[in-house]
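The analysis underlying the following values was restricted to heavy atoms, covering all of them including side chains, and did not include hydrogens, waters or symmetry mates. Keep in mind it's a predicted model, so treat the numbers as computed, not measured.
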Amino acid sequence: MSEFTPHFAPIVVLLFLGTALLLGVSFLVLFYGAARRSSFFARLGVGAVLTIVAGYLLLLTSVSFASNEKVLPVGGWKYFCEIDCHLAYSLVGAQTAISLGPELQQIPARGKFVAVRVKTWFDEHTISAHRGNGPLTPNARKVVLVDDMERSFAPSAEAQAAFARLGNPSTPLTEALRPGESYITDFVFDVPKDVRGLRLLITEDDPETRLVIGHENSLLHKKIYFGIDSSPALTKP
């Protein structure tokens with residue numbers, strides 16, 4: 001099972017860039033009208049800016065309203081679509097604990113620890129014919145757990161360090177990959193004991209994605225999660 005964000009990446013990115021270009025031209029017309037004290041060019045610039053912004057926001061929110069929340073099972077892939085290639089993420093497994101670390105260096109959880117293991121894969125079947133075998137550095141990612149009350153929990157740096165001391169190697173999500181390559185990353189969260197309905201959210205952390213039509217970060221768009229409750233326990237990678 002696979003889900004993609006955003007769909008039709010080349011088209012929506014070109015639409016975003018084209019809209020930005022048209023806005024730039026409209027502002028130039030507006031500034032020209034103001035500088036020359038020309039009411040015609042000023043009104044033309046203002047009208048163009050308002051029309052372009054309103055049209056783009058209408059399209060963006062319409063696509064968002066039509067979206068649905070998705071929860072991927074273990075082994076499902078979430079694709080982040082670029083212009084000429086896709087990076088995919090999959091939940092490998094998860095486990096809970098009340099303490100972490102080697103026997104004499106354990107740290108207790110404030111509530112309970114939830115450790116999740118994620119696989120990152122540069123899908124070689126999604127690259128364009130002209131891209132080649134060069135490395136790709138992933139964009140910034142945001143990784144959180146979300147419960148059934150829509151509360152978000154960020155990874156705990158202290159817990160992750162304790163988990164790593166148990167001999168669990170982990171590659172940061174910022175590591176570059178070549179087509180076909182993959183790696184494993186562990187995240188550890190400290191969440192309340194009574195938390196329910198946990199889902200893992202991995203999403204882009206770039207602010208411009210909020211303005212990309214069809215992207216899960218865009219205004220009112222539903223998210224693509226990974227289900228935690230049915231995940232198998234972690235083993236040594």
Test applied, side chain to side chain contact (heavy atoms under 4.5 Å, CB included); reference residue, Leu200; option that passes from Val116, Leu72, Val146, Val144 = Val116
Counting heavy atoms not belonging to [X], are there more than 12 under 6.0 Å from its [atom1]?
X: Ile98; atom1: CD1; value: no
X: Met149; atom1: CE; value: no
X: Lys119; atom1: NZ; value: no
X: Arg36; atom1: CZ; value: no
X: Glu158; atom1: CD; value: no
X: Arg151; atom1: CZ; value: yes

Once you round to the nearest 0.5 Å, how far does [atom1] of [X] lie from [atom2] of [Y]?
X: Thr5; Y: Ile202; atom1: OG1; atom2: CD1; answer: 13.0 Å
X: Thr203; Y: Asn139; atom1: OG1; atom2: CG; answer: 11.0 Å
X: Arg199; Y: Ile224; atom1: CZ; atom2: CD1; answer: 13.0 Å
X: Leu57; Y: Leu211; atom1: CG; atom2: CG; answer: 8.0 Å
X: Ile52; Y: Leu23; atom1: CD1; atom2: CG; answer: 5.0 Å
X: Lys142; Y: Leu173; atom1: NZ; atom2: CG; answer: 14.5 Å

Residue from Lys223, Lys78, Arg210, Lys222 passing salt bridge (charged side-chain N to carboxylate O under 4.0 Å, His left out) with Glu216 |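 Answer after filtering Lys223, Lys78, Arg210, Lys222: Lys78.
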Residue pair [X] / [Y], side-chain heavy-atom distance below 4.5 Å:
X: Pro192; Y: Phe153; result: yes
X: Thr171; Y: Thr120; result: no
X: Leu59; Y: Leu15; result: yes
X: Leu91; Y: Ile228; result: yes
X: His215; Y: Val12; result: no
X: Phe8; Y: Ile213; result: no
X: Val143; Y: Phe189; result: yes
X: Tyr89; Y: Pro138; result: yes

[X] and [Y]: same hydrophobic cluster, using ILVMFWY side-chain contacts below 4.5 Å?
X: Val118; Y: Met1; result: yes
X: Phe27; Y: Leu44; result: no
X: Val46; Y: Phe31; result: yes
X: Leu30; Y: Leu28; result: no
X: Leu87; Y: Leu201; result: no

Backbone N/O of [Y] and side chain of [X]: donor-acceptor pair under 3.5 Å:
X: Asn217; Y: Pro207; result: no
X: Asp186; Y: Ser170; result: no
X: Asn168; Y: Phe163; result: yes
X: Arg178; Y: Asn133; result: yes

Does NZ or CZ of Arg141 fall inside the cone over Phe80's six-membered ring, less than 6.0 Å from its centre and within 45° of the axis?
-> yes
side-chain contact (heavy atoms from CB on, under 4.5 Å) between Ser156 and Val188, worked out | CA-CA 6 Å; Ser156 165; Val188 186; 5.7 Å; no
Do you know which two heavy atoms are closest between [X] and [Y], and how far apart they sit?
X: Phe4; Y: Ser2; result: CE1-CB, 4.2 Å
X: Leu100; Y: Ala159; result: CD1-O, 3.9 Å
X: Glu103; Y: Gln106; result: O-CG, 3.9 Å
X: Ser90; Y: Phe226; result: CA-CE2, 3.9 Å
X: Ser26; Y: Ala48; result: OG-CB, 3.3 Å
X: Asp123; Y: Thr126; result: O-OG1, 2.8 Å

Check the pair Val191 / Asp147 against side-chain contact (heavy atoms from CB on, under 4.5 Å), numbers first and verdict last.
-> CA-CA 10 Å; Val191 302; Asp147 69 1; over 6 Å; no
Pairwise side chain to side chain donor-acceptor pair (under 3.5 Å) hits with a residue in residues 46-68, at least two apart =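 Matches after skipping sequence neighbours: Ser64-Ser218.
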Report the C-alpha separation of Tyr79 and Trp121 in whole Å, then their side-chain angles, then the decisive distance to 0.1 Å, and conclude whether the side-chain contact (heavy atoms from CB on, under 4.5 Å) test is met.
-> CA-CA 9 Å; Tyr79 280 84; Trp121 173 41; 3.4 Å; yes
Close aromatic pair by centroid cut-off 6.0 Å: Tyr32 and Phe41 =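 Aromatic pair counts; centres sit under 6.0 Å.
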Stepwise side-chain contact (heavy atoms from CB on, under 4.5 Å) check, Phe187 with Leu145 = CA-CA 10 Å; Phe187 297 95; Leu145 285 183; over 6 Å; no
